[in-house]
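Everything on this sheet refers to the single structure shown next.
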Amino acid sequence: RAGDPGAGLGPDQYWAGSSLGQVYALVGREPEPEDRLAAAADHCLPAAYQGQCPGVDPDALLAWRVATRAAFQGRPVAALEAAVAAARQALRAAPRVDLGGVAVADLRDRPVPELPEAAMREGLPFLARVRDRDGREKTVLQAAPPEAVRAFQALAPQFGRGEAYGDPARGFAGVYATAAKPGQPRLW
């Protein structure tokens, strides 16, 4: 949200905008190549895959993401890649909605494992419904250009309740389907 470190910083400033880059700046540490991959993936993955982050090779990013995600999930690389391939197919076949003049794949009707990774590789924005860690459902827009994010935020009441969050420069937005319970901390 506005005022947060990294809010509004584009792909050319991914290191300063990423959480990792901010911590390294505080402790005076210089990044290793793998650190830059992690920072670009954290701050602006679609732009990183499109070669817009200085010092980040998209092929190296892809290899690093596959290896680290498979290891984290405790499954073979081939299984992860198969799930991403299935998500890419679902993404390409999904109906489209117009958000700010941008055709966005609408996958709110079903869960699609590895959808964010597929969208980042395809360069195709999507809408989906997901559950947050606290169990609340939300509608998210990811891998989107700024005009689609701004349109989503303006139309947020159609997608959920409460304040829409997101960052047009980073290509994401969301809104919860239900309001937070009294005393429940804000998650954005």
Pairwise salt bridge (Lys or Arg N to Asp or Glu O under 4.0 Å) hits with a residue in residues 71-80, at least two apart: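 Every pair satisfying salt bridge (Lys or Arg N to Asp or Glu O under 4.0 Å) with a residue in residues 71-80: R75-E114.
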Looking at [atom1] of [X] and [atom2] of [Y], how far apart are the two atoms once the value is rounded to the nearest 0.5 Å?
| X | Y | atom1 | atom2 | result |
| --- | --- | --- | --- | --- |
| T139 | R129 | OG1 | CZ | 5.0 Å |
| K138 | D132 | NZ | CG | 4.0 Å |
| L124 | R88 | CG | CZ | 10.5 Å |
| R65 | R121 | CZ | CZ | 8.0 Å |
| D106 | F126 | CG | CZ | 11.0 Å |

[X] versus [Y]: any side-chain heavy-atom pair under 4.5 Å?
| X | Y | answer |
| --- | --- | --- |
| L141 | L99 | yes |
| V56 | L37 | yes |
| L20 | R36 | no |

Between E137 and V130, is a side chain to side chain contact (heavy atoms under 4.5 Å, CB included) present by the stated rule, with each step listed? CA-CA 6 Å; E137 186 176 272; V130 298; over 6 Å; no
Could you state whether L61 and Y14 fall into the same hydrophobic cluster, counting links through intermediate Ile, Leu, Val, Met, Phe, Trp or Tyr residues with side-chain heavy atoms under 4.5 angstrom apart?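 Linked, L61 and Y14 end up in one cluster.
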Residue pairs involving residues 54-64 (criterion side-chain hydrogen bond (donor to acceptor under 3.5 Å, both in side chains); sequence neighbours excluded):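 Checked against side-chain hydrogen bond (donor to acceptor under 3.5 Å, both in side chains) - neighbours excluded - no pair reaches residues 54-64.
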Residues two or more places apart in sequence or in another chain: which of them pass side-chain contact (heavy atoms from CB on, under 4.5 Å) with [X]?
| X | answer |
| --- | --- |
| A103 | R96 |
| V77 | V66, A70, E81 |
| Q89 | R92 |

The criterion is salt bridge (charged side-chain N to carboxylate O under 4.0 Å, His left out); which residues satisfy it with D12, sequence neighbours excluded?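 With neighbours one apart ignored, the set is empty.
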Exercise: identify the closest heavy-atom pair between [X] and [Y]:
| X | Y | value |
| --- | --- | --- |
| P113 | P111 | CD-O, 3.9 Å |
| Q142 | P116 | OE1-CB, 3.4 Å |
| V112 | A90 | CG1-CB, 4.3 Å |

Which residues satisfy the ring-ring contact (aromatic ring centres under 6.0 Å, His included) test with W15, sequence neighbours excluded?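 Here the qualifying residues are Y24.
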Flag, side chain of D134 to backbone of R136, donor-acceptor distance under 3.5 Å: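 Yes: the side chain of D134 pairs with the backbone of R136.
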Would you mind writing out the side-chain donor-acceptor pairs for residues 39-49 within the sub-3.5 Å range, not counting sequence neighbours?
from	atom 1	to	atom 2	distance (Å)
D42	OD2	S19	N	3.4
H43	ND1	G17	O	3.4
H43	ND1	R170	NE	3.4
H43	NE2	L9	O	2.7
Y49	OH	E117	OE2	2.4

L107 and L115: CA distance, side-chain angles, deciding distance, side chain to side chain contact (heavy atoms under 4.5 Å, CB included) verdict: CA-CA 9 Å; L107 290 153; L115 182 56; 3.5 Å; yes
Show me the donor-acceptor pairs within less than 3.5 Å that the side chains of residues 143-156 make with the rest of the protein, sequence neighbours left out.
none

Sequence-distant partners of Q50, side chain to side chain donor-acceptor pair (under 3.5 Å), two or more places apart: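 Q50 satisfies side chain to side chain donor-acceptor pair (under 3.5 Å) with Q52 once adjacent residues are dropped.
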Verdict with reasoning, D98 to V104, per side chain to side chain contact (heavy atoms under 4.5 Å, CB included): CA-CA 6 Å; D98 182 285; V104 176; over 6 Å; no
Under the ring-ring contact (aromatic ring centres under 6.0 Å, His included) rule, what pairs show up with a residue in residues 66-101, not counting sequence neighbours?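 Every candidate ring-ring contact (aromatic ring centres under 6.0 Å, His included) pair involving residues 66-101 fails, so no pair, neighbours aside, qualifies.
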